[in-house]
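Heads up, the thing below is written out as structure tokens.
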There are 2 protein chains.
Amino acid sequence: MQAGSPKWRRRSEARPGEIVQAALEVFAEKGFAAAKLDEIAAKAGVSKGALYLYFETKEDIFRAVVREAVAPNLDMVEAVLAREEPPFPDLMRGMFEHLSQVIETTRLGAVAKLVIGESRNFPELARVWHDEIVSRALTALSKALARAQMRGEVRTGDPRLQAFSLMGPILMGVIWQETFTPVGAPALNLRILILQHADTVLSGLKPRVGVRP
Amino acid sequence: MQAGSPKWRRRSEARPGEIVQAALEVFAEKGFAAAKLDEIAAKAGVSKGALYLYFETKEDIFRAVVREAVAPNLDMVEAVLAREEPPFPDLMRGMFEHLSQVIETTRLGAVAKLVIGESRNFPELARVWHDEIVSRALTALSKALARAQMRGEVRTGDPRLQAFSLMGPILMGVIWQETFTPVGAPALNLRILILQHADTVLSGLKPRVGVRP
DNA sequence: CGAGTATATGACTCATGAGTCAGTTATACG
DNA sequence: CGTATAACTGACTCATGAGTCATATACTCG
């Protein structure tokens, strides 16, 4: 051992973040049950014991990972909510652009896959995601759609289902990337997918020609 | 013990199917790792030892469950492939109708969730699903779209991405049902979702008015 | 500089659950 | 019937990995 190079350092400030980051990678790779604490610890550059200085249990770490990933999405939701009514297609294109960036810069897709896969074992997490992200975003979107319908910018129909038409293909793209691309399927350019989908679906949402009052 | 009512019966023909059925329920509920063989055995009405008369390992049972669920879907794919070119919207509505029924009558959604969640731990299964179902269906759909574009029934664009616009919202609906509904989210009427989405997306895929050659 | 303390280690324990197998029971068939 | 054997059971073994803790090391502050 070189003198002057300590075996480890005290970094109580930075540790939790490093651990959550490492855990995200391992959970995304293996799922909750198959992820090993030793591997998470190794990846975070600490021993297993150190994990227990900052977290109570393995589940605790998992929860932290999922909650961590919630934050950037709340921004997303806020963005949708905030904008005051430009023409509907412009509103959507702005939202799609924002979403593209979030997907590119975060591990949102991996976490979504985790939440989906573990929803039965961690119902509270599924509930958190639903209540704090999915439901809020969907409601905001539905309301924007309802208003656009009133203004005659969007054809009539259940706004909540229209929201599925808007968002579904993007979710499918994200899942595709996480599930099939690592297994040999051709990669997907999500940005282009989103652009073309916007083109299609926004055109499809335009009011029918020749409807009666 | 009543005489004349044996403790168990020999049913070597029926067992494998019963076991796979029970395993599907437990895997769908818990995921691969958290599913216990004792629970699967109990649900199938046999002892744990009996499982090993028909399957080598737990993974083996999992594979059987996933492969089992592939069968009805291959029919789906065939259905898409077979029909000879009615007008594109009719073709799609037929396909959507067929798909609605498959979703209602099978546990397709649950298995899809399993494949997505376990894809990293069972890459061969993800590959099987990709190669035998998803890719084939998507390719068939893309070809139909490409032909419809040639005929001027569908606007130009990458047919593979258009396929995502068609299928994504349905996948999202299925995942919603499996993930959020059990956790208190409002249930979704998939049939209606599919109908309204068909309306929206098929309208959106119609050729643009006033394109240049 | 040298207690004193917060931070970290890694060998250990112990619950869990997949997989095994010696023994038991149903059934087919002479 | 009775006997051979396929079908089945459930108590057991054993590997794994989460969680613990006695010990060691880095830092802090008087």
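Both backbone and side-chain heavy atoms feed into the values below; hydrogens, waters and symmetry mates do not. All chains are named by letter (A, B, ...) in the order of the sequence lines, taking the proteins before the strands, and each is independently numbered beginning at 1. Values in this document were obtained by computation on a predicted structure and should not be read as measured data.
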For this session: Report the distance from atom CG of A/N73 to atom CG of A/L99, rounding to the nearest 0.5 Å.
Result: 8.5 Å
Exercise. For the pair made of CG in B/L51 and P in D/dC8, what is the distance, rounded to whole Å?
Worked result: 11 Å
For this session: With a 4.0 Å heavy-atom cut-off, tell me which residues in residues 15-44 of chain B come close to DNA chain C, sorted by residue number.
Result: B/A35, B/K36, B/L37
For this session: Apply ring pair (Phe, Tyr, Trp, His ring centres under 6.0 Å) to A/W129 and B/F180, showing your working.
Result: CA-CA 9 Å; A/W129 258 60; B/F180 295 126; 7.8 Å; no
Exercise. Just wondering, are more than 12 heavy atoms of other shown residues or ligands nearer than 6.0 Å to CD in B/E56?
Worked result: no
Problem set entry | Heavy-atom donor-acceptor pair, B/S203 side chain to B/D199 backbone, under 3.5 Å | no
For this session: Mind running side-chain hydrogen bond (donor to acceptor under 3.5 Å, both in side chains) on B/T181 and B/Q177 for me, showing each step along the way?
Result: CA-CA 5 Å; B/T181 302; B/Q177 288 288 63; 2.9 Å; yes
Exercise. Going through the checks in order, is the side chain to side chain contact (heavy atoms under 4.5 Å, CB included) test met by B/E104 and B/R191?
Worked result: CA-CA 9 Å; B/E104 279 167 12; B/R191 186 155 221 115; 2.7 Å; yes
Exercise. Under 4.0 angstrom, heavy atoms only, what part of the nucleic acid is B/Y54 near: base, sugar-phosphate, or nothing?
Worked result: sugar-phosphate
Problem set entry | Range on DNA chain C touched by chain B, heavy atoms, distance below 4.0 Å | C/dG17 to C/dT27
Problem set entry | Salt bridge flag under 4.0 Å for residues A/E25 and A/R107 | no
Exercise. Do B/E18 and B/R15 sit within salt-bridge range, that is, some charged N less than 4.0 Å from a carboxylate O?
Worked result: yes
For this session: Quick one: do B/L125 and B/V115 satisfy side chain to side chain contact (heavy atoms under 4.5 Å, CB included)? Show the steps, please.
Result: CA-CA 7 Å; B/L125 284 186; B/V115 172; 5.6 Å; no
Problem set entry | Chi angles and distances behind the side-chain hydrogen bond (donor to acceptor under 3.5 Å, both in side chains) call for A/R160, A/T139 | CA-CA 7 Å; A/R160 195 156 276 261; A/T139 301; 3.2 Å; yes
Show each protein N/O and nucleotides 21-24 of chain D N/O combination with a separation under 3.5 Å, one pair to a line.
none

